[in-house]
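Report on the structure given below.
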Number of protein chains: 2
Amino acid sequence: MTRAEENYIKTIFHLGGNKAQLISTNAIAEQMETKPSSVTDMAKKLAEKGLLNYIRYQGVSLTDLGSKTALSIVRKHRLWEVFLVKKLDFTWDEVHEVAEQLEHIKSEKLIDKLDELLDFPKYDPHGDPIPTKDGQFLERDKQLLSEMPLNVKGICVGVKDTSATFLKFLDKNAIALGNAIQVLEKEDFDDSLRIQIGDRQMQISNQIATNLYVKKDS
Amino acid sequence: MTRAEENYIKTIFHLGGNKAQLISTNAIAEQMETKPSSVTDMAKKLAEKGLLNYIRYQGVSLTDLGSKTALSIVRKHRLWEVFLVKKLDFTWDEVHEVAEQLEHIKSEKLIDKLDELLDFPKYDPHGDPIPTKDGQFLERDKQLLSEMPLNVKGICVGVKDTSATFLKFLDKNAIALGNAIQVLEKEDFDDSLRIQIGDRQMQISNQIATNLYVKKDS
DNA sequence: ACATATTTTTAGATTTGTCTAAATTTTAAT
DNA sequence: ATTAAAATTTAGACAAATCTAAAAATATGT
């Protein structure tokens with residue numbers, strides 16, 4: 001598999017193309033910042049190789065082989081992210097770009113040993129689950145902070161938007177994964193929220209609340 | 001810099017093209033298992049970019065910029081080798097292939113932090129020196145075992161041949177970097193040597209002796 | 001249902017890095 | 001000094017991955 005092929009497979013996976021749902025060439029092109037015609041070419045090629053189901057004018061989905069491939073790439077990406085944060089003191093807004101490169105390194109032993117060095121982490125620095133070696137993918141029971149009922153205790157477990165801008169905003173406001181979090185009040189006017197975070201209270205916009213994942217504290 | 005360009009620069013460096021000495025396109029082609037005509041094309045391109053001095057029909061050498069680039073790639077390659085051995089329990093015959101991929105990852109912070117994680121190593125697992133961040137390159141005072149005088153105490157510090165075959169042979173015979181080593185007798189007939197290694201004695205062929213680097217014990 | 005807008009594909013071109021075969025230059029031998 | 005051999009370059013072709021512009025298919029609005 002070439003690097004370009006791997007990037008297409010990964011993108012289709014992230015767009016939800018594993019669940020028999022068809023993803024349009026336009027959606028893929030937009031996500032990858034390329035042209036739809038390029039996507040069509042690659043779709044044909046990857047269908048030929050048995051990684052995609054491709055229906056002309058309809059879109060693509062991953063085959064079982066394609067899903068397996070995608071999970072392996074996602075596993076590598078997320079393990080490298082953990083490595084960068086845990087072993088090399090990268091911040092969570094710095095890891096993505098480098099992991100994009102590292103995820104293409106080919107060596108099964110490397111990834112197995114890395115997994116071991118990191119103590120078999122289950123989640124990456126953004127709270128996303130790391131697929132196991134055999135492709136198990138444990139999505140955590142989580143919901144957006146914006147959908148939490150009032151006065152229910154939760155724990156911050158992930159972010160939806162992983163852009164540096166958003167992550168740095170969270171850092172600046174001392175919001176981190178693992179923090180206790182709770183919605184105290186919803187403002188009808190702009191859907192902003194008054195929240196309890198640790199022992200502080202603060203007001204956050206709806207845009208923040210729709211990009212923070214919370215798990216109910218049990 | 002593309003991956004292909006980096007590989008050319010690195011190969012020319014290893015063939016000695018840094019010392020104003022001209023390296024032939026044939027030599028480069030052979031080393032890289034490619035065709036001389038491909039090397040010519042790339043030589044023109046890299047000369048255009050200011051990385052090589054290229055004289056038609058004569059060969060190429062690295063410019064200062066080219067040398068700097070080469071040292072940076074070699075530094076990355078060797079640091080990754082140390083990482084693989086020290087942190088992921090790779091054996092010294094397994095590291096090369098993976099480091100060939102890792103050396104192309106682009107992130108200055110990654111390499112600085114890796115260097116720090118490994119405690120700023122001076123040599124890679126084969127005893128080759130690791131260039132510093134600013135391109136300092138400390139070649140160790142060493143000589144081939146075959147050139148050591150009789151009964152002079154030495155320490156094994158490196159290998160010339162880094163093939164898996166040779167490295168595995170050394171492992172099998174418990175010859176490792178850091179071992180005390182001493183030539184006891186030279187056989188005129190086939191230039192084989194009787195050596196003292198640690199507290200054992202053994203007989204080794206000239207081919208082994210011309211691929212092991214030793215430093216005089218002082 | 002039909003015209004129009006949108007999406008998707010095709011056709012042909014481009015860039016990078018490679019190759020083969022032919023031409024050119026250098027080297028070596030007598 | 002010529003000539004043969006070896007090394008090197010040029011010219012033209014190819015595969016991968018991309019692009020633009022035009023054509024084809026699908027979706028949408030009234």
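Keep in mind that what you see is a predicted model, and the values were worked out from it rather than measured.
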Would you please indicate yes or no on a ring centroid separation below 6.0 angstrom for Phe13(B) and Tyr8(B)? no
Mind calculating the distance between CD (Glu5(B)) and C1' (dT15(C)) to the nearest angstrom? 12 Å
Ranking dT9(D), dT9(C), dT8(D) by distance to the side chain of Asn26(B), first place goes to dT8(D)
Nearest-Å distance for atom pair OH/P, residues Tyr54(A) and dT9(C): 3 Å
Quick one: is dT16(C) close enough that its OP1 or OP2 comes under 4.0 Å of any side-chain N or O from Tyr8(B)? no
The side chain of Ser38(B) is closest to which nucleotide in this list: dT10(D), dT18(D), dC19(C)? dC19(C)
When the distance from CD1 of Ile28(B) to C1' of dT9(D) is rounded to whole Å, what number comes out? 14 Å
For a quick check, tell me whether the side chain of Ser24(B) and the base of dT8(D) share a donor-acceptor pair closer than 3.5 Å. no
Using distance alone, with no hydrogens and no angle criterion, decide if Thr132(B) and Asp134(B) have a side-chain donor and acceptor under 3.5 Å apart. yes
Distance below 4.0 Å between Thr2(B) side-chain N/O and dT16(C) OP1 or OP2: no
Just distance, no hydrogens or angles: give the donor-acceptor pairs under 3.5 Å from side chains in residues 29-41 of chain B, sequence neighbours left out.
{"from": "Thr40(B)", "atom 1": "OG1", "to": "Pro36(B)", "atom 2": "O", "distance (Å)": "3.2"}

From CE of Met42(A) across to P of dT8(C) the rounded distance in Å is 18 Å
Roughly, in whole Å, what's the span from CD1 in Ile55(A) to P in dA24(D)? 22 Å
Per Arg56(A) side chain, nearest of listed nucleotides dC19(C), dT24(C), dT10(C): dT10(C)
Starting from the 5' end of DNA chain D, give me the residue, Tyr57(A) or Ser37(B), whose nearest nucleotide shows up first. Ser37(B)
Would you indicate whether Lys168(B), at its atom NZ, is surrounded by more than 12 heavy atoms from other residues, nucleotides or ligands within a distance under 6.0 Å? no
Starting from P on dT15(C), measure out to CD on Glu48(B) and report it in whole angstrom. 15 Å
If you look at every strand shown and take non-hydrogen atoms under 4.0 Å, does Thr25(A) touch a base, only sugar-phosphate, or nothing? sugar-phosphate
If every non-hydrogen atom of Leu167(B) is compared with every non-hydrogen atom of Asp161(B), which pair is closest and at what distance? CD2-O, 4.3 Å
For DNA chain D, whose closest nucleotide is more 5', that of Met32(A) or that of Pro36(B)? Pro36(B)
Return the value, rounded to whole Å, for the distance between atom CG of Asp41(B) and atom P of dC14(D). 17 Å
Rounded to whole Å, NZ of Lys44(A) lies from P of dT18(D) at a distance of 15 Å
